[in-house]
Amino acid sequence: MSEQRQDLVSKQRAIDEVLEFVWAEREGGHNSIKDLLCIDEIQKTGGDRELLKEMEASGLLKTEGDKITLTPEGEEGACAIVRRHRLAERLLTDVLDVTDEEDIEINACNFEHTLSASVADSICTLLGHPPTCPHGHPIPKGRCCEKTVDSIKPLVIPVNELDIGEFGRIVFIVPKTHHRLDRLGAMGLVPGSTIRLHQRTPAYVIAIGETTLALDPEIVGEIYVKRAE
């Protein structure tokens with residue numbers, strides 16, 4: 001790769017990092033330029049405030065004092081990069097069983113800059129359209145999440161799609177209420193737990209360890225698992 005090409009790639013990565021940071025900070029109720037300039041990727045380019053000026057001139061963001069906000073164009077770019085990063089985290093943890101947080105972060109950061117939109121949609125479908133990353137942050141939805149028929153068979157499925165006697169490791173739960181999530185957690189139904197579908201009628205019965213639980217069909221449909229031996 002030529003030196004000029006490397007510079008362009010480095011600059012684009014820095015732009016992506018800015019968009020991702022502003023999005024993530026906004027989720028936490030913050031939008032400080034001072035905090036933004038501490039990002040390693042920004043410092044590596046030597047751009048600092050000059051980079052922000054370029055992005056503002058390109059119509060990606062707006063600055064006012066120490067505050068920074070995204071324009072509609074910047075919003076679209078940030079949404080895409082955040083989606084790719086958080087899907088990559090899911091892929092690494094749920095499919096590849098990577099557990100080291102540093103490895104997950106480094107590889108997710110690399111993936112976010114290289115995955116195309118179509119590949120990201122394929123990963124999302126494969127994972128069963130997860131609503132959150134492993135850290136609980138929401139994953140922006142893609143076009144694949146709105147389709148009624150998927151061309152790829154998901155690896156992550158609701159419990160009610162398991163066969164009788166089949167095991168599944170809980171990946172995520174999407175309850176309608178926080179109270180229901182607390183109840184499931186109190187019963188040991190949390191991400192990482194392994195369950196077995198015991199019966200479907202007259203009620204769904206699942207086994208977790210030596211305990212069996214009877215659950216309503218609605219609740220069973222909210223628990224997503226990856227098939228396990």
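Along the sequence shown, residues are numbered consecutively beginning with 1.
Here the closest non-hydrogen pair linking Gly221 and Pro158 is O-CB, 3.8 Å. The minimum heavy-atom distance between Arg169 and Asp94, with the atom names listed, is NH2-O, 3.3 Å. Taking both residues in full, the closest heavy atoms of Asn160 and Pro217 are given as ND2-O, 4.5 Å, listed atom of the first, atom of the second, then distance. Pairing each heavy atom of Thr114 with each of Asn110, the nearest pair is OG1-O, 3.3 Å. When all heavy atoms of Leu162 and Phe167 are compared, the closest pair comes out as CD2-O, 4.0 Å. When all heavy atoms of Trp23 and Ala78 are compared, the closest pair comes out as CE3-CB, 3.7 Å.
Of the candidates His85, Glu17, Arg84, His113 forms a side-chain hydrogen bond (donor to acceptor under 3.5 Å, both in side chains) with just one, namely Glu17.
Note: Leu61 CG to Ile68 CD1 = 4.5 Å, rounded to the nearest 0.5 Å. One finds the CZ atom of Arg90 at 13.5 Å from the CG atom of Leu96 (value rounded to the nearest 0.5 Å). The structure places CG of Leu181 at 9.5 Å from CD of Glu222, a figure rounded to the nearest 0.5 Å. Separating the CD1 atom in Ile123 from the CG atom in Leu91 is a distance of 5.0 Å, to the nearest 0.5 Å. With rounding to the nearest 0.5 Å, the separation of CG in Asp100 from CD in Glu105 is 11.5 Å. Arg183 contributes atom CZ, which lies 5.5 Å from atom CD1 of Ile219 (distance to the nearest 0.5 angstrom).
A 4.5 Å side-chain heavy-atom check between Ile206 and Leu189 finds at least one atom pair inside the cut-off. The closest side-chain heavy-atom distance from Thr212 to His198 is not below 4.5 Å. Considering only heavy atoms from C-beta on, Leu155 stays 4.5 Å or farther from Val171 through its side chain. For the pair Leu127 and Tyr224, the minimum side-chain heavy-atom distance is 4.5 Å or more. Between Leu215 and Met187 the shortest side-chain heavy-atom distance falls below 4.5 Å. A heavy-atom distance below 4.5 Å is found between the side chains of Ile157 and Val225. Taking 4.5 Å as the limit, some side-chain heavy atom of Arg26 sits within range of a side-chain heavy atom of Leu70.
The existence of a salt bridge linking Arg86 and Glu27 is confirmed by a sub-4.0 Å separation between a basic side-chain nitrogen and an acidic carboxylate oxygen. For Arg180 and Asp216, the salt-bridge test fails: no basic side-chain N is under 4.0 Å from an acidic carboxylate O.
Transitive grouping of hydrophobic side chains (ILVMFWY, heavy atoms separated by less than 4.5 Å) brings Ile164 and Val159 into a common cluster. Under a hydrophobic clustering in which Ile, Leu, Val, Met, Phe, Trp and Tyr are joined whenever their side-chain heavy atoms come within less than 4.5 Å, directly or via other members, Val220 and Val156 fall into different clusters. In the hydrophobic clustering of ILVMFWY residues, with side-chain heavy atoms under 4.5 Å counting as a link, Ile223 and Ile139 come out apart. Both Leu213 and Ile170 are assigned to one and the same hydrophobic cluster, defined by single-linkage of ILVMFWY side chains at heavy-atom distances under 4.5 Å.
Within 6.0 Å of CZ on Arg200 lie more than 12 heavy atoms contributed by other residues, nucleotides or ligands. When the shell of 6.0 Å around NE2 of His135 is examined, it contains more than 12 heavy atoms from other residues, nucleotides or ligands. Crowding of Glu76 atom CD: a count of heavy atoms from other residues, nucleotides or ligands under 6.0 Å not exceeding 12.
Listed by chain and number, the residues in a side-chain contact (heavy atoms from CB on, under 4.5 Å) with Pro131 are Phe172, Val174 (sequence neighbours excluded).
Ser58 places no side-chain N or O within donor-acceptor distance of the main-chain N or O of Leu60, the cut-off being under 3.5 Å. Here the side chain of Arg83 pairs a donor or acceptor atom with the backbone of Pro140 at under 3.5 angstrom. Looking at Asp121, its side chain never comes within 3.5 Å of a backbone N or O of Gly142 through a donor-acceptor pair. A donor-acceptor distance shorter than 3.5 angstrom exists from the side chain of His30 to the backbone of Gly28, with no hydrogens or angles considered. Of the possible polar contacts, one joining the Thr93 side chain to the Glu89 backbone as a donor-acceptor pair under 3.5 Å is found. No side-chain donor-acceptor contact under 3.5 Å links Thr132 to the backbone of His137.
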Point to revise | Residue pair Leu52, Ile33: steps toward the side chain to side chain contact (heavy atoms under 4.5 Å, CB included) verdict | key: CA-CA 9 Å; Leu52 298 186; Ile33 294 177; 3.6 Å; yes
Practice item. Start with the C-alpha distance between Phe21 and Asp35, add both sets of side-chain angles, then the distance that settles side chain to side chain contact (heavy atoms under 4.5 Å, CB included), and finish with yes or no. Key: CA-CA 9 Å; Phe21 181 86; Asp35 292 340; 4.0 Å; yes
**Study point:** Audit row: Asn31, Glu25, side chain to side chain contact (heavy atoms under 4.5 Å, CB included) steps and yes/no
**Key:** CA-CA 6 Å; Asn31 62 345; Glu25 284 293 284; 5.8 Å; no
Review point. What's the verdict on side chain to side chain contact (heavy atoms under 4.5 Å, CB included) for Leu197 and Glu166, showing C-alpha distance, side-chain angles and the deciding distance?
Key: CA-CA 6 Å; Leu197 182 60; Glu166 193 171 18; 5.7 Å; no
